[in-house]
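Comments concern the structure below.
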Amino acid sequence: MPERSAITFVEARRRLEAKNKAPRDKRMPLAEAAALVRDGDHIAIGGCLYSRTPTLLLREVLRQRRRDVVLSRSLLCYEGELFLAAGACSEIVTSWVGIGLPWGLSRIVREFVEGGNARFEEWSHLAIGMRYHAAAMGVPFLPTLSMLGSDLRRTTGAKTMTCPFTGEQVCLVPALHPHVALIHVHRADPFGNAQIEGYPHMDADIAAAAQTVVLSAEEIVDPDEIRRTADRTVIPFFAVDAVVHAPFGAYPHEMYGLYDVDLDHIDAYAKRVAAEGVAGARAYLDEWVYGPETTDAYFGKFGVDRLERQRRAARDLIGRRT
Amino acid sequence: MPERSAITFVEARRRLEAKNKAPRDKRMPLAEAAALVRDGDHIAIGGCLYSRTPTLLLREVLRQRRRDVVLSRSLLCYEGELFLAAGACSEIVTSWVGIGLPWGLSRIVREFVEGGNARFEEWSHLAIGMRYHAAAMGVPFLPTLSMLGSDLRRTTGAKTMTCPFTGEQVCLVPALHPHVALIHVHRADPFGNAQIEGYPHMDADIAAAAQTVVLSAEEIVDPDEIRRTADRTVIPFFAVDAVVHAPFGAYPHEMYGLYDVDLDHIDAYAKRVAAEGVAGARAYLDEWVYGPETTDAYFGKFGVDRLERQRRAARDLIGRRT
Amino acid sequence: MTGPNADYTASELLTVSASRLLADGTVVFAGVGTPLLASALARATHAPGLTVVIEGGSIGLEVAPGNLPISTNEMRGARRAVALPSITQIFLYAQRGFFDYGFLGGAQIDPYGNINTSIIGAVERPRVRLPGSGGACDIACLCREILIVTRHERRRFVERLDFVTSPGQIDGGRGRRGAGLLFGRVTAVLTDLALMDFGGASGRMRVAALQPGAEPSQVKEQTGFDLEIASDARRLEPPTEGELRTLRGLDPSRVFL
Amino acid sequence: MTGPNADYTASELLTVSASRLLADGTVVFAGVGTPLLASALARATHAPGLTVVIEGGSIGLEVAPGNLPISTNEMRGARRAVALPSITQIFLYAQRGFFDYGFLGGAQIDPYGNINTSIIGAVERPRVRLPGSGGACDIACLCREILIVTRHERRRFVERLDFVTSPGQIDGGRGRRGAGLLFGRVTAVLTDLALMDFGGASGRMRVAALQPGAEPSQVKEQTGFDLEIASDARRLEPPTEGELRTLRGLDPSRVFL
């Protein structure tokens, strides 16, 4: 693999074969689950940008002062800035980094990458998806027509080959097996059978690709409820190592149908970073990550009314699902 | 492609680019939809074995006396025997052919293949899936670890290559772009947005792989119902060319949650063929395919009580969904 | 940028003319901002049968006026969608050939429509680290028609890119074919000053039409490379009252306008 | 085939001893018939934490006694499943390495555990066209432990196959590795007469244990190739009353027994 520290194809299979696949109660406290992340791990983050982000899990990983991790995600939001500013991360693997059009370039990513203090390995969005998909499929690579003619092919170390059936040229991207996948879902049972509503993003592939999968879920349901709606299950229990009950677990990011993104909060963060740079992000870490000792304390700072407002906003956006 | 008459990778993309992708009412009578199948076409059949088979569509294709078609399916049930006996088909592409363990080998497939009057191109089950998946993904091939060390690799013309990233050997299978996909679903809107309950089988990939997609649906719903449950849609309208309202459209095969397989009917057919061979299949064609002029006449032969019994059986098997 | 008496802004002009590039009954792969506004405007005017797709995984969305998505992955982008596949699946639909148009912008654009949204300076030690490709490189490689839509600024239109994130016509001629890109091409580069294409002999970008109020000299001056003006260069129609009213209704608080 | 006083049939013996090969807390990829019965029996006896997967796309199914699935794609196979992925996805989970055991049978089995379920005679003009691989070749290539379970008949155990549908140990030794198969191996060939493995120096199939009532001479006579009997060959325990009662309860009308 081009990036440091992801697991090789053969090693990934061997480790998976060695795992305990018994259906067992995998529920555990947030801190215990986050502790499955080790220094130097490659962490794949579920959801996309500010949607279905495993915010509480990431917050706890930061609180445990992990070091030297690699973050990969299809589109990386400001959690990347927080990990860089915290000194927890030295490399990001993504197709795009930022919060969104209105907020412009990430000042912190610029400082770290332009200063030579962090590595930004850029792939096209589909290429990131194909790398997770290859790993989930148990093959060492996948072909794509994307990145042909792009300098990304050269800088990523993707290969080209001639199709032996058609004679056409294709680009090959290598499987990406993260050490850990952090994924937030709508619903999971204690064994880790998980269901997602709305956008599935890349989470199913990330779960099958990673060596260790940590799930947080808005709701823990009885296995019988999963069995009644088995065709909605997108992550089967045998891929999962830990299950954390985490209502509002993506907040201040959005959770499809449950709560809207808290743009006021994100905007305040962005303004602070725009003005103060890394110092602004560190101040945010002190106030919102290291400061509140508990999840309750963290949500207490937002206040119940605000969480309820965001719940109503989501209902207004999605409406009742017959 | 090894088999005759599937569409090449580049041609498949060109034809798709040329298609009208406007969301329009694609509902049409069964006969009109089946007429989209032409002599010599490669037909991919949705569902698997005796589950979610597009029975009414296949019956109508036979009634229109198509000739020289190629049938592909992950597991081919006795519809293969009917097409062979009808003189409609000279080649099958599948991983397995038969009805099931209790019925043993297909006497008709044996007669045609052993007699040199039909070609049976066998791939492994995953290889068939990878071929449809490659086509659906818009790549000319996909790698797999399956078929390595099997004579199937040699006889199918699958290739091997060394992974440029790991140095490991993989098997490459070529994309399979059928001319027509015949797919039966639980629910579709007039534009062709389709939803399936229970086993998805390979239908989503088949729909994206084929040049022409003909859907039959147990229920035609208002587009707003699809929009309310968009995360259940497995086939988007722009892949679909025809939509047929076909209650009991898979019967006597099963439809997940709606009606059970009619094993009495299938067993009677199997006994007849075991005793009389091709003549038995032709007698079945006369009685159940060519004979009944209309769908009502066809179902009339089963009788309302029998259909109701099969509905109840399905409810007993699956029960209420939440 | 626009004529002295024009009663619309440059971005309104850009969005309206972009919407006119979209034919009815087609599928457009749109990013948030101008592309999504242009697509929504087209649906509301001449192309009711236009299907909008966004990369977060939404097919057939119908945006709510005044409540536009800011990212391609959020609930606002799923409004009235008919399908919500995975992000990977959306791009695979593009790779398969389901999407007629793909919109692109870019920090740097060269005379062949190649785009840089990654790096200014050296790869290993960039002077400016831009956000990256996102889906741009994929759209450039996989869609049938690539539409580049951006403000016309000299620093943006450069003779040579520091980095090719999204391939356009490569070096003109058979450049895409040579790179293995069998499908798709850049059919339009649209700015607030002109509509450009690659129809000339050189295969380089050239002005096919001028925006209302824009002069050839002004276009050349705002372009960092030698830009040919087609002898038969047309003049684009200004936005109509109706188009402007509808557009402003879509983004009343001017988040993107 | 079984001892004169045995109060069980050969297929009951086979199913019970197959169930004992399955460790608790593992995942088994089972076909319908004996494999599914053996898996269900294991769950009901020593392996309650065994997860059953079938190729139609069902994970964690719990079959209803007396109402067993006849195909791997039908509703009976989805009973109490926790997930119903596509057929392709099920095999991709196998390829990824999630499945500990894969059950196989076969019309022809050679001394290295390679299996033919495709063709007797010549490929272009077969004497007998068998049903084909189905998922057998995939299971043989992708599962961690391949368990071959079949009746012991001389016409079945042959020195040379007409066609290799599902690779076993290939030619013994590094055969699988040489073919590119990095993972998985045949760990047991179980019949109503014996349990065989490939633990000998030759890499050929050899008898590791005898079924109750089976004699070495009988095993050799029912095998179409030279079959070694391990010097330390054990004697398998007969089915217990409890195992037989449970098994018969699963298939009271003896569809598969």
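Using a 4.5 Å cut-off between heavy atoms, D:R177 touches chain B through its side chain atoms alone. Contacts between B:E114 and chain D at a heavy-atom distance below 4.5 Å involve backbone atoms as well as side-chain atoms. With a 4.5 angstrom heavy-atom cutoff, B:D260 touches chain D via backbone and side-chain atoms both. For chain B, the nearby part of D:L142 is the side chain; its heavy atoms alone come within less than 4.5 Å. Residue D:V123 touches chain B through its side chain alone, counting heavy-atom pairs closer than 4.5 Å. Neither the backbone nor the side chain of B:S106 comes within less than 4.5 Å of any heavy atom in chain D. Proximity to chain D is limited to the backbone of B:A127, based on heavy atoms less than 4.5 angstrom apart. Neither the backbone nor the side chain of B:F112 comes within less than 4.5 Å of any heavy atom of chain D. For chain D, the nearby parts of B:L152 are the backbone and the side chain; heavy atoms of each come within less than 4.5 Å. With a 4.5 Å cut-off on non-hydrogen atoms, B:L263 touches chain D through its side chain but not through its backbone. Neither the backbone nor the side chain of D:R176 comes within contact range of chain B; no heavy atoms are under 4.5 Å apart.
In this structure, OG1 on B:T166 lies 8.0 Å from CG on D:L182, to the nearest 0.5 angstrom. Atom CD1 of residue D:I90 and atom NE2 of residue B:H201 lie 12.0 Å apart, to the nearest 0.5 angstrom. We find the CD-OG distance between B:E254 and D:S71 to be 6.5 Å, quoted to the nearest 0.5 Å. With rounding to the nearest 0.5 angstrom, the OG1 atom of D:T88 is 9.5 Å from the OH atom of B:Y132.
Between the B:R110 side chain and the D:L130 main chain, no donor and acceptor come within less than 3.5 Å of each other. The main-chain N or O of B:M202 is never found under 3.5 Å from a side-chain atom of D:S86 such that the two would form a donor-acceptor pair. Side-chain N or O atoms of B:S124 include none that pairs as donor or acceptor with a backbone N or O of D:C137 at under 3.5 Å. Side-chain atoms of D:N73 never come within 3.5 Å of backbone atoms of B:L49 as a donor-acceptor pair (strictly under, hydrogens ignored). No side-chain donor-acceptor contact under 3.5 Å links D:E74 to the backbone of B:Y50. Of the possible donor and acceptor atoms, none in the side chain of B:D151 sits under 3.5 Å from a partner among the backbone N and O of D:F163.
Contact tally against chain B (heavy-atom pairs below 4.5 Å) for D:G178, D:G56, D:G33, D:A136: the top residue is D:G56. Across D:G180, D:G134, D:A179, the residue that shares the most heavy-atom pairs under 4.5 angstrom with chain B is D:G134. For the set B:G129, B:S51, B:S146, the entry with the most heavy-atom pairs within less than 4.5 Å of chain D is B:S146. When each of D:I170, D:V128, D:L161, D:I115 is checked for heavy-atom pairs under 4.5 Å with chain B, D:V128 comes out on top. Between chain D and the options B:C171, B:G149, B:G104, heavy-atom pairs under 4.5 Å are most frequent for B:G149. With respect to chain D, the highest number of heavy-atom pairs below 4.5 Å among B:G98, B:A204, B:G257, B:C48 belongs to B:C48. Contact count against chain B (heavy-atom pairs under 4.5 Å) is highest for D:R76 among D:R76, D:E55, D:R80, D:R79.
One finds no salt bridge joining D:E124 and B:R119 here, because no Lys/Arg side-chain nitrogen approaches an Asp/Glu carboxylate oxygen to under 4.0 Å.
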Fill in: side-chain hydrogen bond (donor to acceptor under 3.5 Å, both in side chains) evaluation trace for B:T144 with D:Q95
CA-CA 8 Å; B:T144 175; D:Q95 186 166 263; 2.7 Å; yes
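Heavy atoms from other residues, nucleotides or ligands lying under 6.0 Å from CZ of D:R156 number more than 12. Applying the 6.0 Å contact sphere to CZ of D:R174 captures no more than 12 heavy atoms from other residues, nucleotides or ligands.
When all heavy atoms of D:T72 and B:Y199 are compared, the pair lying nearest together is O-OH, 4.2 Å. Contact record, D:C141 with B:L145: CB-O, 3.8 Å, taken as the closest heavy-atom pair. Pairing each heavy atom of D:I87 with each of B:S74, the nearest pair is CD1-OG, 3.9 Å. Residues B:L105 and D:P131 come closest through the heavy atom pair CD2-CD, 3.0 Å.
Within the 4.5 Å cutoff, the side chain of D:N67 has heavy atoms near those of the B:L317 side chain. For the pair B:V97 and D:R129, the minimum side-chain heavy-atom distance is 4.5 Å or more. In this structure, D:L92 and B:M130 have side chains that are in contact, with non-hydrogen atoms separated by less than 4.5 Å.
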